[in-house]
**Q** 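Dropping the structure in here first, questions after.
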Amino acid sequence: MESKTTALPRPTGAAANEAAAPLAPGAAVSAGPFPERGPALDDIAETAPSAVGEIVARARAAQRAWAEVPIGERAQLIAKVKRRLLAQTEEIAALLHRECGKPIEEAALAEVLPNADLIDYWTVSIEELLDESPVDLDAIAYPGKAGRIRREPRGVIALITPWNYPVAIPLRTIVPALLAGNAVVFKPSEITPRSGALVASLFDGLLPDGVLAVAQGGGDVGAALIEAGVDLVVFTGSVATGKKIAVACAERLVPTSLELGGKDSAIVLGDCDLERAARGVVWGAFTNAGQNCASIERVYVEQSIADRFIDRVVALTGQLRAGIDVGVMTTARQAEIVRRQLDVALADGAELLAGGAPEPGSLAFPPTIVKVEREDTPLLREETFGPVLPVLVVKDVEEAIARTNASRFALTTSLWTRGYERAHALARQLRSGVVTVNNHGFTGALPAAPWTGTGDSGFGVTSSPHALAELTRPRFYLEDRSRAKGELWWYPYTPALRTIAFAMARVRGGAGWLGRIGALVELVAAFARRLLGR
Ligand code: NAD
């Protein structure tokens, strides 16, 4: 499937191997019981960029035959992936622990179990979702005609994914894309090639050769894939790469779906269930070591409960156990970005309430809380993608919404309140693509719920029939059984036709009642002349 050329480099940095310990606020924190990364990645071969064209050509040939397989059969084949996935839960969790540094529980709960639901959802609903739908046509204006819309596969889809959820994110596109009759060429992140290979292996022997292919490697392989003449690019990753991909796709007029970064806020109202809000915010900020596009990266709390809320969040954070509740970061590069943002914020006057950066080079970044007042610091403006939670006290929810909306990112936002009706109205003022009340972030795991953003968070849609609309294209099919020898609007264009056009515009609302009655009379006469060819 791949041309074996170079071995992928090992990820830089390595997790330490120390015992789990509670994290004391402000303390330099040791890593949890994580093994060294590995084993070595030498057995995963990188695809040469020059080989990508051939992979896409094979996928294109395979796709034509795959699209002819009845949908029900495609669904039966892909339904088998669920059992394989569930049967390998422990191995997958162990791999994600090694390759990304995730706690085992988090790996199983976030990356395996929701994918069983995903496979159920799509395999059960795909036939109905792809079913032809009739288009109502006016029988007087369009006699003898019937229209239908079919959802056709796009063809070959390039899927380019990040390292933070390297099993769940690809499957969310691969499953519906294949069911819809597409071929997929999947380029996993170069940071998590093993997880990428594992995802592809779940389909081994179920699909015709070439329908799902893997191209392993970095940005050059991703770029080669876009150049190879694919029909859609589905990308999840950073804003910077997303912009490059948008340009490359624009030059080739290839449609693209971009799921990019986030700077999610949690807005905590004075009437919330404080314990639930504090626990939910701590999880939303630190799950996956904060390396989540929907991580809570800002919490705006109304001043009426700010002190109590902050105290509770700090206390709960202090109870988190390194390596058990919070994993190590996946890359040294990302840990360095987080450290820099934190350093600048502290220099800008932020107050450290818990955690703090580890020694340089360490991936064991402790869950960190800072109280911040200024928004003009990178920690509040850029995506952090690490376990640092800035807390900001606001006068009221309106201020929190204005500050939330001022960000260039708008992926998800959570409101924490018992005022459900008010929350429903407030949600409409938010720009983000997902709004959750008294919860955060987990809806990415719901296959029927669209996951989408706006602004720098991109414009792609994952999951739900809205995603299927991106993975297919509509084809309109019109059948005309009219016995007439021609249509009103066909040649020749005569004075009678012009009268008909103008009179119709008046009849259909371009004139008052009197004008319409006059136009009707004109229409009848003009139709008669038209029939005579005048
Ligand atoms: P990244 O942009 O560095 O890399 C993503 C993928 O793009 C990788 O597979 C990479 O090899 C590839 N790539 C790099 N340059 C390319 C190029 N020029 N052409 C084609 N492909 C290229 O992102 P990352 O560091 O892997 O992931 C983290 C980012 O992903 C964060 O910003 C995070 O918010 C975002 N993310 C978003 C969502 C979402 O649903 N919105 C989900 C997960 C992660």
Side-chain angles (χ1 to χ4, degrees), residues 1-3 47-81 84 115 118-119 122-123 126-127 129-130 150-161 167 169-188 196-217 221-236 245 248-249 252-257 460-462 467-475:
M1 185 186 285
E2 295 137 26
S3 87
T47 306
S50 59
V52 171
E54 177 59 30
I55 295 175
V56 171
R58 250 183 294 146
R60 186 165 299 291
Q63 186 269 329
R64 290 191 196 104
W66 176 240
E68 294 304 314
V69 175
I71 300 174
E73 270 177 52
R74 295 203 293 256
Q76 274 178 11
L77 290 168
I78 288 171
K80 294 184 179 166
V81 173
R84 292 181 176 187
N115 290 319
L118 170 99
I119 294 165
W122 285 113
T123 53
I126 193 72
E127 250 182 293
L129 291 171
L130 290 180
R150 267 185 68 134
R151 307 268 359 154
E152 300 286 346
R154 290 266 179 191
V156 179
I157 295 180
L159 173 63
I160 302 175
T161 54
V167 172
I169 288 177
L171 281 173
R172 284 176 197 157
T173 295
I174 291 173
V175 169
L178 292 177
L179 284 168
N182 296 287
V184 176
V185 182
F186 164 40
K187 198 210 77 64
L198 184 141
V199 166
S201 75
L202 294 170
F203 296 82
D204 275 353
L206 296 178
L207 307 170
D209 239 20
V211 168
L212 175 63
V214 185
Q216 292 274 16
V221 178
L225 186 51
I226 297 168
E227 278 165 25
V230 293
D231 302 298
L232 171 72
V233 177
V234 176
F235 172 77
T236 303
I245 286 178
C249 287
R252 289 162 188 80
L253 288 180
V254 174
T256 179
S257 159
V461 186
T462 307
L468 191 65
E470 289 190 343
L471 301 170
T472 54
R473 61 190 176 84
R475 168 171 290 153

**Q** Run the side chain to side chain contact (heavy atoms under 4.5 Å, CB included) check on I226 and V254 step by step: do they pass?
**A** CA-CA 8 Å; I226 297 168; V254 174; 5.7 Å; no
**Q** Do the non-hydrogen side-chain atoms of I78 and W122 ever get within less than 4.5 Å of each other?
**A**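 They are not in side-chain contact.
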**Q** Looking at side-chain heavy atoms only, is the closest gap between I174 and V199 below 4.5 Å?
**A**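 Answer yes - side chains close enough.
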**Q** Do I245 and T256 pass the side chain to side chain contact (heavy atoms under 4.5 Å, CB included) test, and can you show the C-alpha distance, the side-chain angles, and the key distance before you say yes or no?
**A** CA-CA 8 Å; I245 286 178; T256 179; 4.1 Å; yes
**Q** Can you see which heavy atom on A180 is nearest to which on P153, and at what distance?
**A**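 Scanning both residues completely, I find the closest heavy atoms to be O-CB, 3.4 Å.
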**Q** Is any side-chain N of the basic residue among R64 and E68 closer than 4.0 Å to the acidic one's carboxylate O?
**A**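 Result for this pair is no, no salt bridge flagged.
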**Q** Could you grab the distance from atom CZ of F186 to atom CG of L171, nearest 0.5 Å is fine?
**A**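 Between atom CZ of F186 and atom CG of L171 there are 8.0 Å.
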**Q** If you count heavy atoms of other groups shown closer than 6.0 angstrom to CZ of R252, is the number above 12?
**A**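 It does: R252 CZ has more than 12 such atoms within range.
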**Q** Counting C-beta onward and ignoring hydrogens, is there a side-chain heavy-atom pair between P255 and R473 closer than 4.5 Å?
**A**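 P255 vs R473: side chains apart.
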**Q** So, taking the atom named OG1 in T462 and the one named CD in E470, what distance separates them when rounded to the nearest 0.5 Å?
**A**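 The distance works out to 7.5 Å.
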**Q** Please walk me through it: do R84 and F203 pass side chain to side chain contact (heavy atoms under 4.5 Å, CB included)?
**A** CA-CA 9 Å; R84 292 181 176 187; F203 296 82; 5.5 Å; no
**Q** Is the closest side-chain heavy-atom distance between V81 and V175 below 4.5 Å?
**A**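 SC-SC contact between V81 and V175 ruled out.
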**Q** Can D231 and R60 be counted as an ion pair, charged N to O under 4.0 angstrom?
**A**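 Yes.
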**Q** CG/N182 to CD1/I157 distance, rounded to the nearest 0.5 angstrom?
**A**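 It is 3.5 Å, given to the nearest 0.5 Å.
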**Q** Is a side-chain N or O of R151 found less than 3.5 angstrom from the main chain of A469, in a donor-acceptor match?
**A**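 Here the side-chain-to-backbone pair exists.
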**Q** Starting at CZ of R74, measure out to CG of L207 and round the result to the nearest 0.5 Å.
**A**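 If we round to the nearest 0.5 Å, R74:CZ and L207:CG are 11.0 Å apart.
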**Q** Between CD1 of I160 and CD1 of I169, what distance do you get to the nearest 0.5 Å?
**A**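 So the CD1 of I160 and the CD1 of I169 are separated by 13.5 Å.
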**Q** How far apart are the closest heavy atoms of E127 and I71, and which atoms are they?
**A**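 Smallest heavy-atom distance, with atoms named: CG-CG2, 3.7 Å.
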**Q** Work out which heavy atom in L179 is nearest to a heavy atom in A75; give both atom names and the distance.
**A**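 Closest pair (atom of L179, atom of A75, distance): CD2-CA, 3.5 Å.
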**Q** Can you see which heavy atom on T47 is nearest to which on A215, and at what distance?
**A**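 Taking T47 first and A215 second, the nearest heavy atoms are OG1-CA, 3.4 Å.
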**Q** Quick one: CZ on R150 to OG1 on T472, what's the gap to the nearest 0.5 Å?
**A**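 It comes to 11.5 Å.
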**Q** Heavy atoms only: give me the nearest G196-Q216 pair and the separation to one decimal.
**A**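 Taking G196 first and Q216 second, the nearest heavy atoms are C-NE2, 4.4 Å.
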**Q** Is there a side-chain contact between I126 and P176 in this structure, where contact means two heavy atoms from C-beta onward sitting under 4.5 Å apart?
**A**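 The answer is no; the side chains never approach within 4.5 Å.
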**Q** Give the minimum heavy-atom separation between I119 and A79, together with the two atoms involved.
**A**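 The answer is CG2-CA, 3.9 Å.
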**Q** Without swapping roles, check the side chain of Q63 against the backbone of G181 for a donor-acceptor pair under 3.5 Å.
**A**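 Side chain of Q63 to backbone of G181: a pair is present.
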**Q** I'd like to know if the side chain of K187 and the backbone of G217 have a donor-acceptor N/O pair within less than 3.5 Å.
**A**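 Flag set: sc K187 to bb G217 pair under 3.5 Å.
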**Q** Do V184 and T173 have side-chain heavy atoms sitting under 4.5 Å apart?
**A**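 No, their side chains stay 4.5 Å or more apart.
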**Q** Does any N or O in the side chain of W66 come within less than 3.5 Å of the main-chain N or O of A183, such that one atom is a donor and the other an acceptor?
**A**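 Absent.
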**Q** Apply side chain to side chain contact (heavy atoms under 4.5 Å, CB included) to the pair L468 and L130, showing each step before the final yes or no.
**A** CA-CA 9 Å; L468 191 65; L130 290 180; 3.8 Å; yes
